[in-house]
Every structure is written in C-alpha cells, then in structure tokens.
Amino acid sequence: MKNYKIYNADCQVAIKKLPDNSVDCIITDPPYFIDGMGDDWNDEKLNKSASKGTVIGGLPVGMKFDRKQGENLQKFLEPLCGEFMRVLKPGGFCVVFSQGRLYHRTAIALDLAGFEVRDLLGWRYEGQAKAFSQNHFILKNKNMTEDEKQALIAELEGWKTPQLKPQIEPMVLAQKPREGTFVENYQKWGVGLVNTKETLDGMFPGTVMEVSKKTRANDFDEKIEHMTVKPVELISHLVRLLTREGQTVLDPFMGSGSHGVAALVNSRKFIGIEIEKKYFNISKKRLEGASK
Ligand SMILES: C[S@@+](CC[C@H](N)C(=O)[O-])C[C@H]1O[C@@H](n2cnc3c(N)ncnc32)[C@H](O)[C@@H]1O
C-alpha cells in the first residue's frame, strides 16, 4: 500500500476533505506574500524576475515594504489555520515557515485559530548579502552640485538599504491544545511530546537548526525546478523531532515535495497538496523515488 497521498489542488479547498483529528503533524512552507510570491504565486513571472538578477519591481527580492503584504498573509492563513486545528490530533505540532518581516502575522493567524504558539524556531543557513548602495540615486539627483554629490557619497560609504545578510528563516512551532496531561494526551493520540534524542549536531536539540542550503538538491540527481526548495535534511530533523515512525505528516504547500521526501525516508506517511501542476509533477516524481 502507498504510504502517501498527494493532491494537485488549492489547499484551502482540498484540506476540507481530510477528517477531523487525523493528522499527526503539519510541517509547511506557505507562500511568503512578498514580491510576487503571494497566493497568486506565478512561476513564469517569478522565473522571469529571477533571471534578471533577483530584482522584482526595481528592488531586490524581499526588499519592497508594503503593509498590505502582512495583512494579506494573515488573511490568507487565518481560515487555513482553522483547518489545521481541525485536522490535527490534539497535542499535534504544526510548524509553519515564515520570514523575518512577516513572522508575526503567521504566529497571530495560528494563535487566533486556537493553537498554543510554543516557540520560535530558526533555520540557520549561509545567506547572501543583498543591501544596496544609494550612490546611483545620489548621482542622478538634479538638485545637487557635483561636489555635494561626491561629499554625500563619501559620507555614506558603507551605508546601505536596511537589509542585513539573511541567515535565519523563522518557523512558528505551534501545538494544538492537549487533552489532559502530556502523558494522557500521548496515550490517547500518540503525539504532543518532543523526541529529545533527535539531534543535528550531537547536542540536545535546539531552536536554531543549522543546515546548509547547499544540501537542497543533493537528494536528487536533477536540478529541482522550484525557487524555494527546503533541504530534506532540515525537514527530516523536524519530522524525527515531532513524530514517530508510521505517523502522518501533512504539507498543504508541497512545492517540490521536500517535506514528503523527508517523511517517507523517515518511515512516516505523507499527505501533500500543491496548486501548480508543474510543481505537483516534480513532487510526484520525487515521492515515487523516495518510496521505492
Ligand atoms: C514556499 S513554496 C513551498 C516549497 C517547498 N517547501 C519545497 O521544499 O519545495 C509554496 C508552494 O505553495 C504553492 N501554493 C500556493 N498557494 C497554494 C494553494 N492555495 N494551495 C496549494 N499550494 C499552493 C506554491 O505553488 C508553492 O509551490
């Protein structure tokens, strides 16, 4: 029997078909709601922008600040978090990836749905500096003399747009409220405790998880054609930390299927949903490979 089920669908619709209290854990990486990665995630548009040196609308990816982005993310997540509450077993964990600027909106959506927000987790990786110098704007300024321009450029040596080198991707660790004590809940539902024998670095498992971005494609011979592939090593760690063998992991924003591969290679079951046919097909192929 197949140990996974995947759907090429809108998760807001497809998740409604999953029974109450049927999923042991959710590990998911929703659209970021920055710069074209919203609920209208458009692969073609994004690839075009990315090929122009990761600049979207004249700004580097992730730079554009717009209050609506957070509001839209929260609005998008709120009904979904209600569904996460319904399908998870009591005591079940829900890990939702986010990014520094909009993390709070993700946490609020989970909180409002009734989850206990347990912790802030961070994936630590080697990031690339993206801050921009303002010299070209100064040089284009028609109201300044050449001397004034050169003086300001000298004064602003090293001072750039407010974007430090990204090195941490945050995740919300939320838990559906337990029934009774931790032990009573575990005896009834099999979830709610954390496997402290699981380790990435030989130490007691911590909230900051250091995994190289470079391992992203290594589980697979071909290049994975998705812009935000998560390393299987990172998701495997989360899977082993929060679930036991045979339990079911759900990812309603499956993308290229890394969370599914992590579930299967760790002898868990998997349910995945992905709206874009192209990504769904990539996931399908990877999951077939992982379940052999
Ligand atoms: C950040 S990516 C997930 C990447 C994934 N973690 C991986 O390792 O490949 C988010 C994915 O959600 C998909 N998506 C966006 N809206 C969706 C929806 N309403 N239902 C299902 N999938 C959706 C996008 O097409 C995209 O592939």
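No experiment lies behind these values; they were computed from the predicted model shown.
If you check the side chains of S236 and N266, you find a donor sitting under 3.5 Å from an acceptor. No side-chain donor from either of N185 and K89 sits under 3.5 Å from a side-chain acceptor of the other. With hydrogens and angles left out, the side-chain atoms of S98 and R105 include no donor and acceptor closer than 3.5 Å. Counting only N and O atoms by type, the side chains of R101 and Q69 include a donor and acceptor under 3.5 Å apart. A donor and an acceptor atom, one from each side chain of T28 and D251, are located under 3.5 Å apart. For the 3.5 Å distance criterion, the side chains of D201 and T199 qualify, holding a donor opposite an acceptor. Side chains of S256 and R286: a donor-acceptor N/O pair is present below 3.5 angstrom, by distance only.
For the pairing with E71, the side chain to side chain donor-acceptor pair (under 3.5 Å) check across K68, Q74, K75, R67 returns one residue only, K68.
Between K188 and E179, at least one side-chain N (NZ, or NE/NH1/NH2) sits under 4.0 Å from a carboxylate O, which counts as a salt bridge. Under 4.0 Å is where a charged nitrogen must lie from a carboxylate oxygen, and between R118 and E116 at least one such pair does.
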Next item on the list: Could you give me the CA-CA distance, side-chain angles and deciding distance for K284 and N8, then say whether side chain to side chain donor-acceptor pair (under 3.5 Å) is met?
Entry: CA-CA 10 Å; K284 188 164 173 275; N8 180 202; over 6 Å; no
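Interatomic distance, CE of M171 versus CG of L121, reported as 5.5 Å (0.5 Å rounding).
The aromatic rings of F76 and F253 are tilted relative to each other, their planes meeting at an angle between 30° and 60°.
By the neighbour-count criterion of 12 heavy atoms within 6.0 Å, atom CZ of R86 is densely surrounded, having more than that number from other residues, nucleotides or ligands.
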